Amino acid sequence: MMKPRRLKGHKDAVTCSISSKTRPGIIATSGEDGLICWFDMRCKDVIFTMDLDKKPISSISFNPGNEDLLYACTGTEVICFDVHLASSWKPVERYNYNKEEINQISCSSKSSFLAAADDSGDIKIIDIRQHCLYKSLRSGHTSICSSVQFLPWRPWEVITGGLDAKLIMWDFSKGRPCKIIDFGLPDLESQSSGGQCFNPAFIHAIASPEVDMLDRSGKVCAVARGDGVVDVIDVEAEIAMSKAKNSTKSGKGSLSGSGNATPSASTTPLDQKKGRRIHLDSSLGGHTSAVSCVSFSSFGERGRYIISGGNDASVKVWDWSKSMDAGENNSSDLLCQNIKLSKKVNWLCTTPSDSENLVICDTSKVVKVYTIT
């Protein structure tokens, strides 16, 4: 593999990167130095930087309907900037609904809502059109909520992951979970995923495919786990099984609100006839330490690849659809590329370009850009 292109502009570790869908080649990155750097891949150097008073930025997100608006979170605050006013660094909106430090923000595909997941385990759903708090999602996670994503084919649902090893699917219009998967429970479906490293199966990141990827990917999500596994979950099968099980218990009166957390979590082992999880683990050449980030590819045949980065200083490119097509997950050719780095991976994103389409943020201050073909 060719040496990566190196993007310089940060003064400390880079924490997040996002790529523009409407302006090919435009990339924004954030860092622990409190900077947001803008890069145009047609240019050699950083275009401009935005300084948030040296406050570490944990996550950034474009507004999908108007990429002139960018959201960033620092501490307990979500800040919205207009790119055209970037030189002034003056926010157009500030949201202070989270009580503890925010780990990730995500915008809905309809540009109506923003979700902010924090250290308390809470998720705040903010109405970014009306500029107000829409809903607080509580009592699902018992530890830090590390990741949140909207499900584009379910406009009133988000999926969250936490350091309690729980993956929770929420109906945020009602403010309650509709499915909880506990990765801390024994997994009867995969013998290879247990014990591949000593870290617990905390959830560090989640990725959901974009709407135009669904024909290929199906209605799934990818989960980056602390034990080195990347799981691909059939979301619709999980929800259908949860509803079927709950309907059999409808007479017990314990199915509403957050009180269904433990019963839902106990349904984790899947009926393979109804839905199946794909485990991308060390037996297939996967990560040997915690997986820190995961993404569906936006280049070429969109959604064909799942790309994961880890604390083992490696990035894996998985042709995961081969497993789905073959109906097996023990194929040795699912891993199609393995990129070795010198530092742990914090985040990654992809671009729709044919070249320079994988952007990697590690614990250094230099962003690396690779070409995946």
Side-chain angles (χ1 to χ4, degrees), residues 1-19 26-39 41 44-46 49 52 54-61 72-74 103-105 146-147 163 197 199 202-207 222-230 280 282 285-299 305-318 335-351 353 355-372:
M1 177 173 287
M2 295 178 61
K3 289 185 178 180
R5 179 175 175 180
R6 296 163 63 87
L7 304 181
K8 298 180 180 180
H10 286 283
K11 302 173 184 177
D12 205 340
V14 187
T15 56
C16 189
S17 62
I18 53 176
S19 65
I26 299 296
I27 295 168
T29 61
S30 63
E32 293 182 0
D33 53 6
L35 296 179
I36 298 174
C37 293
W38 292 80
F39 299 95
M41 301 306 291
K44 180 179 178 181
D45 300 315
V46 61
T49 60
L52 273 62
K54 297 181 173 57
K55 298 176 182 177
I57 304 166
S58 54
S59 181
I60 53 178
S61 177
C73 61
T74 175
N103 295 304
Q104 188 180 25
I105 55 174
S146 55
S147 186
L163 301 194
C197 69
N199 295 333
F202 296 159
I203 298 174
H204 294 293
I206 304 168
V223 182
R225 291 170 35 175
D227 58 356
V229 177
V230 176
L280 305 174
S282 61
H287 295 280
T288 56
S289 188
V291 188
S292 54
C293 51
V294 65
S295 178
F296 287 89
S297 60
S298 58
F299 52 81
Y305 299 107
I306 285 175
I307 305 176
S308 58
N311 289 351
D312 56 359
S314 72
V315 170
K316 313 286 184 178
V317 181
W318 304 92
L335 180 64
C336 51
Q337 281 190 271
N338 182 23
I339 301 171
K340 292 290 187 181
L341 304 169
S342 60
K343 296 182 181 293
K344 296 178 180 179
V345 181
N346 281 335
W347 203 253
L348 58 81
C349 72
T350 62
T351 76
S353 307
S355 62
E356 296 185 337
N357 47 24
L358 173 59
V359 183
I360 300 174
C361 309
D362 58 24
T363 54
S364 75
K365 59 186 179 181
V366 178
V367 178
K368 285 83 175 175
V369 184
Y370 289 84
T371 295
I372 304 297

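Worth knowing before you read on, the calculation uses all heavy atoms, side chains too, and leaves out hydrogens, waters and symmetry mates. Small disclaimer: the values here were computed from a predicted structure and weren't measured.
Here Ile307 contributes atom CD1 and Asn357 contributes atom CG; the two are 7.5 Å apart, rounded to the nearest 0.5 Å. In this structure, SG in Cys293 is found 13.5 Å from CD1 in Ile206, a value given to the nearest 0.5 Å. One finds the OH atom of Tyr370 at 5.0 Å from the CG atom of Leu341 (value rounded to the nearest 0.5 Å). In this structure, NZ on Lys8 lies 13.0 Å from SG on Cys37, to the nearest 0.5 angstrom. For the atom pair NE2 of His287 and CZ of Arg225, the computed distance is 12.5 Å after rounding to the nearest 0.5 Å.
Results of the side chain to side chain contact (heavy atoms under 4.5 Å, CB included) test with Lys368 over Asp362, Val345, Leu358 single out Asp362 as the only residue that passes.
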Before giving the answer on side chain to side chain contact (heavy atoms under 4.5 Å, CB included), spell out for Ile26 and Trp38 the whole-Å C-alpha distance, their side-chain angles and the decisive distance to 0.1 Å.
-> CA-CA 7 Å; Ile26 299 296; Trp38 292 80; 4.0 Å; yes
Test side chain to side chain contact (heavy atoms under 4.5 Å, CB included) on Gln337 and Ile372 and set out the steps.
-> CA-CA 8 Å; Gln337 281 190 271; Ile372 304 297; 3.3 Å; yes
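A donor-acceptor pair is defined here as one N or O able to donate and one able to accept, closer than 3.5 Å; no such pair exists between the side chain of Ser59 and the backbone of Cys73. Between the Ser146 side chain and the Ile203 main chain, a donor and an acceptor come within less than 3.5 Å of each other. Judged by distance alone, with hydrogens and angles left aside, the side-chain atoms of Ser292 form a donor-acceptor pair with the main-chain N or O of Gly309 at under 3.5 Å. Side chain of Thr350 to backbone of Ser297: no donor-acceptor contact under 3.5 angstrom is found. Side chain of Thr29 to backbone of Cys16: no donor-acceptor contact under 3.5 angstrom is found. Looking at Asn346, its side chain never comes within 3.5 Å of a backbone N or O of Cys361 through a donor-acceptor pair. A donor-acceptor pair is defined here as one N or O able to donate and one able to accept, closer than 3.5 Å; no such pair exists between the side chain of Thr15 and the backbone of Glu32.
Of all heavy-atom pairs between Leu35 and Ile57, the closest is O-CD1, 3.7 Å. The shortest non-hydrogen separation linking Ala207 to Phe296 is O-CE1, 3.4 Å. Across all non-hydrogen atoms, the minimal contact from Trp318 to Gly285 is CH2-C, 4.3 Å. The minimum heavy-atom distance linking Ser353 with Phe299 is given by the pair O-CB, 3.4 Å. When every heavy atom of Ser147 is checked against every heavy atom of His204, the shortest pair comes out as CB-O, 4.1 Å. Scanning both residues, Ser314 and Asn338, for their nearest heavy atoms gives CB-OD1, 3.9 Å.
Every residue two or more places apart in sequence or in another chain that forms a side-chain contact (heavy atoms from CB on, under 4.5 Å) with Lys344 is listed here: Asn311, Thr363. Looking at residues two or more places apart in sequence or on another chain, you find no salt bridge (Lys or Arg N to Asp or Glu O under 4.0 Å) involving Asp33. With sequence neighbours excluded, the residues satisfying salt bridge (Lys or Arg N to Asp or Glu O under 4.0 Å) with Glu356 are Arg5.
At least one side-chain heavy atom of Val294 sits under 4.5 Å from a side-chain heavy atom of Ile306.
Side chains of Thr371 and Ser355: no donor on one and acceptor on the other come within 3.5 Å.
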